[in-house]
Amino acid sequence: DSTLRIFLADATGHGVQAALIMMAIQGIYDGIKNFALPVNEIMEIFSKEYVRRYGSLNSFLTCILVDIDTVNQKIVYSSAGHPAGLIINKENEIQLLKNTGGLIGVHFNNTYKLVEYPFRNEERLFIFTDGIFEQTLLYRIERSILIDSKLKELEDKKNKEAEKSF
C-alpha cells in the first residue's frame, strides 16, 4: 500500500496513571487502525470507544491521525485537541495542521473534520505532543527562578557588605 498511517496521542497527567491510559489508548487503536476508513471516521470510532470504556475515569487525551499518501502526494489528517503539526516545504514555508475536533474523553458523540493538503517528497511533517511546550515552559520557569535566586544572593551579599562598611 502507498499510504503511511501515523497516530500520535497524549494522555492528560503524568506518571503511572498516564502510562496506564496510554496502554488503554493503544489497545483501542490496535483494534481499529487497519480499518479502510477516512481518518476522521476512525477518530470518531476511537473517541466513542474510549468514552464507552473509560469515560468514568475523567481522563482526557489529545491525538492526531495522519495518512500520508505517497502515490497521490497528499496528506490527510484529523486531530482531537492536539497541538498543531507543521508541514515545511523546500522553501521553508509552513502549513499548520490545525485542530479539527475536541479532546477525546469529553463527549461521546464528538465529530472530527477531515483535512487534506498536498504533500510532496521534499516536504517534511512535524507532529509532537504538548510535552514539547511543557518542557520549554518548565525550562523558562526554572531558568527564571534560578536567575531570581542568583539576583537575590547578589543583593543579600551586597547588603551585608554595605552593613559591614558602616
> Testing Ile87, Ile127, Val115, Asp67 for side-chain contact (heavy atoms from CB on, under 4.5 Å) with Tyr77, which one passes?
Val115
> At their closest point, which heavy atom of Gly81 faces which heavy atom of Asn99, and how far apart are they?
N-OD1, 2.7 Å
> Between Leu97 and Ser79, does a side chain to side chain contact (heavy atoms under 4.5 Å, CB included) hold up when you go through it step by step?
CA-CA 8 Å; Leu97 303 182; Ser79 175; over 6 Å; no
> Measuring from Ile75:CD1 to Leu4:CG, what's the distance to the nearest 0.5 Å?
9.5 Å
> Shortest non-hydrogen contact from Gly102 to Asn110?
O-ND2, 3.8 Å
> Quick test of your reading of the model: are Arg52 and Glu49 salt-bridged, counting only N-O distances below 4.0 Å?
yes
> Rounded to the nearest 0.5 Å, what separation is found between the CZ atom of Phe119 and the CG atom of Asn72?
14.0 Å
> Check the pair Lys48, Asn109 against side chain to side chain contact (heavy atoms under 4.5 Å, CB included), reporting the backbone distance first and the verdict last.
CA-CA 7 Å; Lys48 285 179 183 175; Asn109 288 318; 3.5 Å; yes
> Do Tyr54 and Met23 sit in one hydrophobic cluster, given that two such residues count as connected whenever their side-chain heavy atoms are within less than 4.5 Å of each other, even indirectly?
no
> Do Met43 and Ile104 touch side chain to side chain, with heavy atoms closer than 4.5 Å?
yes
> Minimum heavy-atom separation for Ala80 to Tyr112, with atom names?
CB-CE2, 3.5 Å
> Hydrophobic clustering (ILVMFWY, side-chain heavy atoms < 4.5 Å, transitive) - are Ile32 and Met22 grouped together?
yes
> Report yes if some heavy atom in the side chain of Thr111 is under 4.5 Å from a heavy atom in the side chain of Glu44; otherwise report no.
yes
> Of all the heavy-atom pairs spanning Ala84 and Lys98, show the shortest one and how long it is.
CB-CA, 4.4 Å
> Can you confirm whether Gln26 is buried at CD, in the sense that more than 12 heavy atoms of other residues, nucleotides or ligands lie under 6.0 Å from that atom?
no
> Could you state whether Tyr50 and Ile45 fall into the same hydrophobic cluster, counting links through intermediate Ile, Leu, Val, Met, Phe, Trp or Tyr residues with side-chain heavy atoms under 4.5 angstrom apart?
yes
> Would you say that Val51 contacts His107 through its side chain, given a criterion of any heavy-atom pair below 4.5 Å between the two side chains?
no
> Looking at CG of Leu114 and CG of Leu65, how far apart are the two atoms once the value is rounded to the nearest 0.5 Å?
10.0 Å
> Measuring from atom OG1 of Thr70 to atom CG of Asn121, what distance do you get when rounded to the nearest 0.5 angstrom?
7.5 Å
> What distance separates Leu86 CG from Glu123 CD, expressed to the nearest 0.5 Å?
12.5 Å
> Which heavy-atom pair separates Gln95 from Tyr117 by the least distance, and what is that distance?
NE2-OH, 3.0 Å
> Kindly give the heavy-atom pair with the smallest separation between Thr100 and Ser78, and that separation in Å.
OG1-OG, 3.3 Å
> If hydrophobic clusters are built by linking Ile, Leu, Val, Met, Phe, Trp and Tyr wherever their side-chain heavy atoms come under 4.5 Å apart, do Leu61 and Tyr29 end up in the same one?
yes
> Would a hydrophobic clustering, with Ile, Leu, Val, Met, Phe, Trp and Tyr connected at side-chain separations under 4.5 Å, put Ile42 with Val66?
no
> Got a second to check how far Lys157's NZ is from Lys160's NZ, nearest 0.5 Å?
10.5 Å
> Test side chain to side chain contact (heavy atoms under 4.5 Å, CB included) on Leu125 and Ile6 and set out the steps.
CA-CA 11 Å; Leu125 170 67; Ile6 301 168; 4.2 Å; yes
